[in-house]
Amino acid sequence: MMDERHAQVDAIRRRIGEVENDLVDAHAAGQIDRREFVRRGTVLGLSLSTLGVLAGCAQPNVAQVSPPQTKPPQPGGTIRAGIVAPAAALDPVMISDEGGLAVLGQTGQYLVWSDKYLNLRPVIAESWAHDHNGGVWTFKIRQGVHFSDGTPLTAEDVAATFNRLADPVVGSNALSNFAGVLSKGNTKATDPYTVQFTLDAPNGNFPYLVSSDNYNAVILPKDYHGGWDKTFIGTGPWKMQSFTPEQGVTYTRNAQYWGPKTVADRMQLTFYPEEQAQTLGIQGNQVDILAHYSVSGGRALITDPTIRTTQYRSSSHRQIHMRTDKEPFNDKRVRQAVGLLLDRRGMVEGLLATKSDYGNDSPFAPVFRSTDPSVPQRQQNVAQAKQLLEAAGRSSGVRAQLTTLTHFELPDLAQVVQNDVSDGGISLSISILDPGTYYGSSKFGTSPWLDSTMGITDYGHRGVPNLLLTAPLTSKGPWNAAHFKNPAYDKLVAQYVAALDLGAQRTAARKIQLLLLDETPVMFPYYYYFLTAARLNVSGEETTAMGHIDLSRAGFVA
Amino acid sequence: MSSFGEPIGSSVTAGEPPVADDQLSVPGPEDTRVMRRERMAVLLHSKTFIAGAVILAFWIVCAIFGKLIAPDDPLLTDPIKALQAPSSAHLFGTDTLGRDVLSRVLVGARDILIVAPLATLLGTVLGTVLGLVMGYFRGPTDDVLGRIVDAVLAVPVVIVGLLSLVALGPSTITVIFVIGVVFTPVIARTVRAAVLTEREYEYVAAARLRNERTPYILFGEILPNVLGPVLVEFTVRLGYAIFTIATLSFLGFGIQPPAPDWGLQIYQHYGLISGGYWWPVLFPALAIASLVIGVNLLSDGISQAFER
Amino acid sequence: MTRFIAKRLGLGLITLWLLSVLVFFGSQVLPGDVARRVLGPFATQSAVNSLNHQLGTDKSVFVQYANWISGIFHGNLGTSVATRSSVSSIVFPALWHSAKLAILAFIIVVPFGIIGGVFAALKEGRFQDRLISVGGLSATTVPEFVWAVALILLFALLIPILPSTATPPPGSGFLTSVKFLILPALCLVFVLFGYIARMARAGTIEALDADYTRTAVIKGLPYSTVVRRHVLRNALLPTIAVVATQAGYLIGGLVAIELVFNYQGIGQVLYRAASQKDFPVLQSGVLIVGVVYLVATLLADLAYSLLNPRLRFESSA
């Protein structure tokens, strides 16, 4: 028995590449746990059965990854879900909001699905592999997949989809994800069911960029030129039956679907313009499921005995930036003092009703495996903050304006921050803008977000911290609202991104965490949990921390 | 109920919650001092007036001395103590940020009692000037201004307010300005109607014969005689202003956080009532209700006094 | 009569034209770039520019105004920049939704209001009168969102018999739709009751004092018959006035109620259009609300003059 397994493992280890073998060694040496081993393995393109053999048993314990909480659903019926109303026109290339992507994901499908634990699962892609350093990735495309208009899906469609998203002229919402990774024209169909991505630079996490994490990347027909909201064209398990802008969508089962047929016969998405209305909607039995709710708008659901809340960690968070190039925050002691004045316990336990992890003022959320948890958590310390302010010659008080936007608990957070820092003699005036005004053109000079002395910005979930390390914090970062310019930091980030194995990533991560705690250009007070609400008679829904909701396996329990 | 050729109920704006405005009799140019004394007597015997005055006085005291009366700092957040039910420590409970609801309700009177009267005053001043001009000159001036007034009145006040606040950005000053401007046409109409009667009196003709300058005739001669309807109009509009500002705050475009505004408090917490957290919603709601009712009782009493 | 209608129509058209100018140029003040709003903060400038060009929002305001007006004359209200669907497909269903809510509210409130008003008038000056008058006035002046919150708490959560949203599931029958509309309509009932009752009360008191009532009573008709025959008809007149003057408020002014109940009425459409800078929806929507208001007041004036002999005489003079 043992020998047989050894032989199997040896065979696999000869077949897989250097990076995969490092991963197996790291697991064997106890550097990473089983769960992380499975996750990294799926990213690199190893199948679950292969990973199972390598990890030491026939199959990885999937149940442990996704514990069953409810009875299985019975077929039939109409499942009704509530989502926040899409903010703009429904065009897969342009969608940039949670409501939009939730609609997109019903009929649209990705090459790869990134589940809530960041494991990757093949969808339109059957398997994938990379060259020796992760510079070229090859995806095998599933056969027998059809678009809802009947045309078969081929590698040409996949290539066209990614070339479209990477085209600066099109200006897709996914462009920032592909910057420096994938350029237009570098995705090619090498045969009708094989697609090859030639990257600008090697990238060990590339499969996340073609997964549901990069939510614009649903596969569209190669001749797609707008007008998605008329057809909802896609390859998914549902077919759009009717769509009323601002109100909702109804779906029926897609008879042509390549995968298992949906559990429910029909599905409805109801758009809610306001989270409070959404909360009343599920409590009043107008919908069965809410794809996502926040503590600020749905606190009533947490304690409701008729509602089942599913929660999981995410990297979604709020960034409180301080302009490092402007009075009064150009002195790092003042910034540190602000960090020490924040009452994080009040935020996590009060504002978020403990539905969040503590943030330690760096993008390394506890959910990321590369995060070094041994870096000490910054705690509230008013005395130390006062000392720092005194050393900075600011004991007579500091005045500044705190700008933020009307978005979930942000106005509340601003008021809590205002209160917390007043303990150290820092007096903040609050300015709350609507989201459009706050972001402006998102260019320096014409965006309150990037120009404000101090501001609070919402950041959505990311499967890997890469973008969070670069865009808001590197010297040339396009979202660097703190105007933080630190060559040592830039160098560490470059090291982190290039690192293919977890050990190297963790080493760089620790240095970055410590540097950011010292400099404090941005504060990350918490990483909130992703909350999904369902009525007790419903089961089988699957959500992601991006805001996707997959209802193909959902239905009513008997 | 209305002179023909004018839409009925012309002094009620579209998009405004309806409150019956009683037909006002415009006082003639009699000796006003006697009338004033009589009116005071009527007012002091009017139960509605007294009730309204008491409620309003209570809130005015809160607005001025709220911070002294309030048991806690209305802005002091303590999220750990969020959403505590009413108890001896917090009589009205605490809100989502752990702030004392009682203190916020008491101090919350301040913003609305500064903003609403100022906005109404602005609207009354502008509307009176406009109404005087329209009623006195009649003819083309009246026609042109009258059409513009009609055009504005054809759109609900809340929508006009929203549009303006989106355009100018929500702030207390903007709210005052917007409500003032939105109320101008409707006040102008009432004043115009009063002026139309007034300009036929001899004292106006006499002033004209004396070659008085037009501004003097308007503001020195006619205005004092239409002050009655202007005052009634002011109190009626004040009720509307509170209503409208509360609604705009509820929609997120009025008074901005962290101000303990009532409409804002309801907006921030109404989704919580279904979770059993009724206190951060109920108490500000009662506060708004009592204030608007108080103002309307007051204005009801005043208009009754002027009717006699 | 014809001259009167012609004059009113003419004036109405001028008012509408002025409204179109105010709305159009007023909305130009709204900050921000239309295409930027549509594409979001992270779209490239070239994409923003090309969308602005495509939408015609890079042209001068006068050209845009002319395009808009000529479109309206051709029955084209424009295309929403946010949802890319035609403005008529957004505005007219919403208008219908608002109308349904308003109609239901009136069906409930008119009988109650008239009965309450007549009752108060018959008890003029007594406790019942003050109760109805002052109570009605108080209910009227409480912002409708306060009522909305109170009613949801009571009837959707404490005694869960009515839905907390106003939009019925697709394909619902008539009765289900009505059931979903009851709570929002009740909010309007509270707001409208005091007004109608007060008007009916004033009309009744006037009619009770009028010569023909006295004559009828003297002629020996039972008091109740007199009330039914003469007084009720008079109480109906002011009610028409309420319908007319409140049309604008009911069609477009119910933003807060529509928001709380997630009801896709015209108020919410305009609210969303304003916050999204969806100019075509905003401009055409406001204009249509204006048309509704003007038509309603015109019709009510006509009905009023037809029902009221005194006014009819004046108008032909």
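Bear in mind the structure is a predicted one, so any value in this text is a computation, not a measurement. Heavy atoms only: backbone and side chains are in, while hydrogens, waters and symmetry mates are out. All chains are named by letter (A, B, ...) in the order of the sequence lines, taking the proteins before the strands, and each is independently numbered beginning at 1.
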Taking every non-hydrogen pair under 4.5 Å, which of [options] racks up the most with chain B?
options	value
C:Val260, C:Leu259, C:Leu287	C:Val260
C:Gly136, C:Pro143, C:Ser20, C:Gly290	C:Pro143
C:Ala139, C:Gly12, C:Ala256	C:Ala256
C:Leu188, C:Val21, C:Val255	C:Val255

Has [X] got a side-chain atom pairing as donor or acceptor with [Y]'s backbone, closer than 3.5 angstrom?
X	Y	result
C:Ser98	C:Ile266	yes
C:Trp147	C:Ile257	no
C:Thr140	C:Val191	yes
B:Thr174	B:Pro170	no

>> If you take the centroid of each ring, where Trp contributes its six-membered ring, are C:Phe145 and B:Tyr270 closer together than 6.0 Å?
In response: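 No - the distance between ring centres of B:Tyr270 and C:Phe145 does not fall below the 6.0 Å cut-off.
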> Would you call C:Asp129 and C:Arg126 a salt bridge, using N to O less than 4.0 angstrom?
Replying inline: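 Judged by the 4.0 Å cut-off on N to carboxylate O distance, C:Asp129 and C:Arg126 do not form a salt bridge.
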> Is the count of non-hydrogen atoms from other residues, nucleotides or ligands lying under 6.0 Å from B:Ile173 atom CD1 greater than 12?
Replying inline: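 Not more than 12 within 6.0 Å, no.
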>> Checking ring pair (Phe, Tyr, Trp, His ring centres under 6.0 Å) between B:Trp262 and each of B:Trp59, B:Tyr267, B:Phe250, which is the one that passes?
In response: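 Of all the options given, the one that passes is B:Trp59.
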Checking heavy atoms, do the side chain of [X], its backbone, both or neither come under 4.5 Å from chain B?
X	value
C:Val289	both
C:Val292	neither
C:Leu254	neither

>> If you apply the rule side chain to side chain contact (heavy atoms under 4.5 Å, CB included), what do you find for B:Phe49 with B:Leu298, and how did you get there?
In response: CA-CA 5 Å; B:Phe49 178 83; B:Leu298 195 78; 3.6 Å; yes
Which bit of [X] comes within less than 4.5 Å of chain C, counting heavy atoms only: side chain, backbone, both or neither?
X	answer
B:Leu251	both
B:Ile159	side chain
B:Thr48	side chain

> Which pair of non-hydrogen atoms, one from C:Gly253 and one from B:Val158, has the smallest distance, and what is that distance?
Replying inline: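 Closest pair (atom of C:Gly253, atom of B:Val158, distance): O-CG2, 4.3 Å.
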> Could you name the residues of residues 282-294 of chain B that have a heavy atom within less than 4.5 Å of a heavy atom in chain C?
Replying inline: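 So the qualifying residues are B:Ala285, B:Ile288, B:Ala289, B:Val292, B:Ile293.
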> Pick from B:Asp95, B:Ile266, B:Leu272: which one makes a side-chain contact (heavy atoms from CB on, under 4.5 Å) with B:Val281?
Replying inline: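 Going through B:Asp95, B:Ile266, B:Leu272 one by one, the side-chain contact (heavy atoms from CB on, under 4.5 Å) with B:Val281 is satisfied by B:Ile266 alone.
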